Novice: 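Okay, handing you the structure first.
Side chains included, hydrogens not; waters and symmetry mates left out as well; all remaining heavy atoms used. Note that the numbering runs from 1 along the sequence shown for the chain. Quantities reported herein were computed from a predicted structural model and do not represent experimental measurements.
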Amino acid sequence: MNILNLRPKEFHIVGILLSMFFSISVASITGATARDAIFLIEFNKTYLSIMYVVIAIVITFIIEAYKKLITKKSQYVLMMVFNIFFIISLLLFHFNLGGWIIPLFYVWIEIVTVITILQFWMLCGNLLNTRQAKRIFPIITAGGSLAAIGTGFLMKPFVKEYGTDNLILLTILSLLFTLFTLQILKPYLKGLNDKEFSKSKKTQGNNLSNSYLKYIAIMVACGAFITKIIDYQFKVMAANTFPEQNSLVSFFATYYIYTGAATLLMQSIITGFILTRFGILAGLLILPTTIMLGSTGFLILGSISAVFILKFSDQVFKFSVNNSVKEILWLPVKAIKK
């Protein structure tokens with residue numbers, strides 16, 4: 001019995017995509033943990049809210065520039081070039097991390113995360129059709145949960161032995177592994193080049209598609225706004241509770257272990273069932289409902305445990321049901337508009 005509900009020809013490509021998402025997730029988790037711990041302890045954490053604004057502005061310009069690139073280069077070339085560039089830049093940060101370089105590093109890690117994840121899901125969207133996505137996306141996103149569990153267990157002894165700064169080396173190793181999986185995936189990427197993007201650019205005047213994009217944008221904006229408020233509360237309370245860098249990393253590691261395990265449970269048992277049995281709308285309603293309940297608990301208690309549960313709910317449902325639904329919503333959108 002095929003418990004994964006995969007076709008025989010799909011096993012190889014799903015295994016590669018799962019491995020790639022695993023490595024991208026490890027890079028994201030180790031990079032974000034190093035960034036948060038270093039910024040919150042070695043820099044002034046009152047600037048954290050400003051960092052969110054700076055990141056939003058910078059990412060806007062980065063995405064605009066990236067939009068121009070995708071009409072000229074193949075996805076394979078773009079992923080290769082960006083990953084190599086990110087690896088070199090992180091090595092430079094590793095040897096020069098101090099003073100005002102810390103907030104720059106904070107922003108840069110977000111850029112690395114956004115671009116690598118954006119490239120990955122655009123790749124998946126062009127390799128898989130909508131029917132395949134409903135079955136396969138929950139399996140692929142399980143790679144992120146496995147990464148959170150494994151990285152959570154790894155970070156505690158690693159930081160104790162080598163220090164928080166060297167977490168950046170794990171980020172670099174993960175990006176190197178991403179390059180390796182990209183090479184294995186290369187035979188499947190034939191035809192996914194600039195011709196597809198050029199073709200989609202000619203048809204971008206579709207009014208229905210523009211309305212569809214508008215509603216996706218509203219949904220994403222609302223979700224991002226709420227998530228950043230939760231993230232700010234979580235990080236500031238964590239830094240106040242754990243004022244020593246290694247203990248803060250240990251707390252973040254514990255958080256990733258619990259959220260990774262819960263998300264994996266959601267992805268392996270619940271997400272696929274919800275999407276196939278109740279549809280996309282039901283999947284979209286789960287995250288705001290759980291955040292509303294978690295926020296009520298935080299307002300009543302106002303403790304580190306309460307904000308942990310709130311952040312836990314946001315993370316688990318966002319990276320299981322909600323993420324799978326969002327990626328499915330993007331599938332009908334022309335590549336140039338993505």
Side-chain angles (χ1 to χ4, degrees), residues 3-6 10-35 75-76 79-80 82-84 86-87 90 109-110 112-128 132-133 135-158 167-189 252-269 271-272 315-324 326-327:
I3 59 173
L4 296 178
N5 196 23
L6 294 177
E10 294 172 343
F11 276 96
H12 189 238
I13 191 170
V14 170
I16 300 169
L17 292 173
L18 177 66
S19 300
M20 184 181 289
F21 192 61
F22 177 89
S23 62
I24 290 172
S25 298
V26 171
S28 173
I29 291 167
T30 53
T33 302
R35 171 197 70 179
Q75 288 181 291
Y76 171 78
M79 291 186 75
M80 283 288 295
F82 271 87
N83 272 274
I84 292 171
F86 289 151
I87 289 167
L90 289 173
I109 286 293
E110 192 71 19
V112 172
T113 301
V114 167
I115 294 297
T116 51
I117 292 177
L118 170 67
Q119 289 179 328
F120 175 79
W121 286 115
M122 287 188 71
L123 191 68
C124 289
N126 285 292
L127 286 171
L128 305 171
Q132 286 177 309
R135 293 183 292 105
I136 293 173
F137 276 3
I139 299 171
I140 293 173
T141 52
S145 303
L146 293 171
I149 297 169
T151 307
F153 279 111
L154 174 64
M155 281 195 296
K156 289 184 180 183
F158 183 89
L167 278 175
I168 301 172
L169 298 178
L170 292 181
T171 307
I172 292 170
L173 286 174
S174 300
L175 292 176
L176 285 170
F177 186 77
T178 302
L179 287 175
F180 173 72
T181 56
L182 184 62
Q183 292 302 312
I184 301 174
L185 194 64
K186 189 176 180 180
Y188 294 95
L189 302 180
F252 285 147
T254 301
Y255 161 76
Y256 283 120
I257 292 170
Y258 284 121
T259 54
T263 305
L264 183 60
L265 180 66
M266 284 287 299
Q267 290 161 337
S268 59
I269 299 176
T271 299
Q315 193 84 358
V316 169
F317 292 104
K318 181 169 70 177
F319 288 103
S320 56
V321 180
N322 193 258
N323 242 26
S324 295
K326 281 202 302 182
E327 298 310 329

Novice: Looking only at heavy atoms, which two atoms of Ala148 and Gly260 are closest? And how far apart?
Specialist: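 Shortest heavy-atom separation between Ala148 and Gly260 comes out as CB-CA, 3.7 Å.
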
Novice: Return the OG1 to CE distance between Thr116 and Met79, rounded to the nearest 0.5 Å.
Specialist: 8.0 Å

Novice: What closest approach, in Å, do Ala253 and Gly152 show between heavy atoms, and which atom pair accounts for it?
Specialist: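 Looks like CB-O, 3.3 Å.
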
Novice: Assess the residue pair Ile140 and Met20 against the criterion (side-chain contact (heavy atoms from CB on, under 4.5 Å)); give the C-alpha distance rounded to whole Å, side-chain angles, the decisive distance to 0.1 Å, and a yes or no.
Specialist: CA-CA 9 Å; Ile140 293 173; Met20 184 181 289; over 6 Å; no

Novice: To the nearest 0.5 Å, how far apart are CD1 in Ile29 and CG in Leu167?
Specialist: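 So the gap between those two atoms works out to 11.5 Å.
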
Novice: Check the pair Phe177 / Ser19 against side-chain contact (heavy atoms from CB on, under 4.5 Å), numbers first and verdict last.
Specialist: CA-CA 9 Å; Phe177 186 77; Ser19 300; 4.3 Å; yes

Novice: Between atom CG of Leu123 and atom CH2 of Trp121, what is the distance when rounded to the nearest 0.5 Å?
Specialist: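 So the CG of Leu123 and the CH2 of Trp121 are separated by 10.5 Å.
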
Novice: Taking only residues two or more places apart in sequence or in another chain, which ones pass side chain to side chain contact (heavy atoms under 4.5 Å, CB included) with Val114?
Specialist: Ile59, Ile63, Glu110

Novice: Is there side-chain contact between Leu170 and Leu154, with heavy atoms separated by less than 4.5 Å?
Specialist: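 With C-beta onward as the side chain, the pair touches.
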
Novice: Measure the spacing between CG of Leu17 and NE2 of His12 and express it to the nearest 0.5 Å.
Specialist: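 Going from the CG atom of Leu17 to the NE2 atom of His12 covers 10.5 Å.
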
Novice: Is there a donor-acceptor contact under 3.5 Å from the side chain of Thr113 to the main chain of Ile109?
Specialist: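 Yes; judged by distance alone, with no hydrogens or angles, the pair exists.
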
Novice: Measuring from Leu127:CG to Ile13:CD1, what's the distance to the nearest 0.5 Å?
Specialist: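 Here the interatomic distance stands at 4.5 Å.
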
Novice: Pair Thr33, Thr151 - check side-chain contact (heavy atoms from CB on, under 4.5 Å), show working.
Specialist: CA-CA 10 Å; Thr33 302; Thr151 307; over 6 Å; no

Novice: Restricting to side chain to side chain contact (heavy atoms under 4.5 Å, CB included), what partner residues turn up for Leu18, sequence neighbours left out?
Specialist: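 If we apply the side chain to side chain contact (heavy atoms under 4.5 Å, CB included) test to Leu18, skipping adjacent residues, there are no hits.
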
Novice: Tell me, with the steps shown, if Gln119 and Ile24 meet side-chain contact (heavy atoms from CB on, under 4.5 Å).
Specialist: CA-CA 11 Å; Gln119 289 179 328; Ile24 290 172; over 6 Å; no

Novice: If we only count heavy atoms from C-beta on, is the Phe120 to Gln75 side-chain gap below 4.5 Å?
Specialist: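 No; the side chains remain at least 4.5 Å from each other.
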
Novice: Once you round to the nearest 0.5 Å, how far does CE of Met155 lie from OG1 of Thr254?
Specialist: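 Atom-to-atom, Met155:CE and Thr254:OG1 are 9.0 Å apart.
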
Novice: Who pairs with Thr259 by side chain to side chain contact (heavy atoms under 4.5 Å, CB included), at least two apart in sequence or on another chain?
Specialist: Tyr255, Tyr256, Phe312, Gln315, Val316

Novice: Among residues at least two apart in sequence or on other chains, which ones pass ring pair (Phe, Tyr, Trp, His ring centres under 6.0 Å) with Phe82?
Specialist: Tyr66, Phe86

Novice: Identify the heavy atoms of Val26 and Ala147 that sit nearest to each other, and give their distance.
Specialist: CG2-CB, 3.6 Å

Novice: Nearest heavy-atom pair of Thr181 and Ile16: which atoms, and what distance?
Specialist: O-CG2, 3.6 Å

Novice: Report the residues that fulfil side chain to side chain contact (heavy atoms under 4.5 Å, CB included) with Leu146, sequence neighbours left out, ordered by chain and then residue number.
Specialist: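 Result, side chain to side chain contact (heavy atoms under 4.5 Å, CB included) vs Leu146: Phe22, Leu264.
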
Novice: With sequence neighbours excluded, give me every side chain to side chain donor-acceptor pair (under 3.5 Å) pair touching residues 167-179.
Specialist: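 For residues 167-179, and leaving out neighbouring residues, the side chain to side chain donor-acceptor pair (under 3.5 Å) pairs sorted by first residue read Ser23-Thr178, Thr30-Thr171.
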
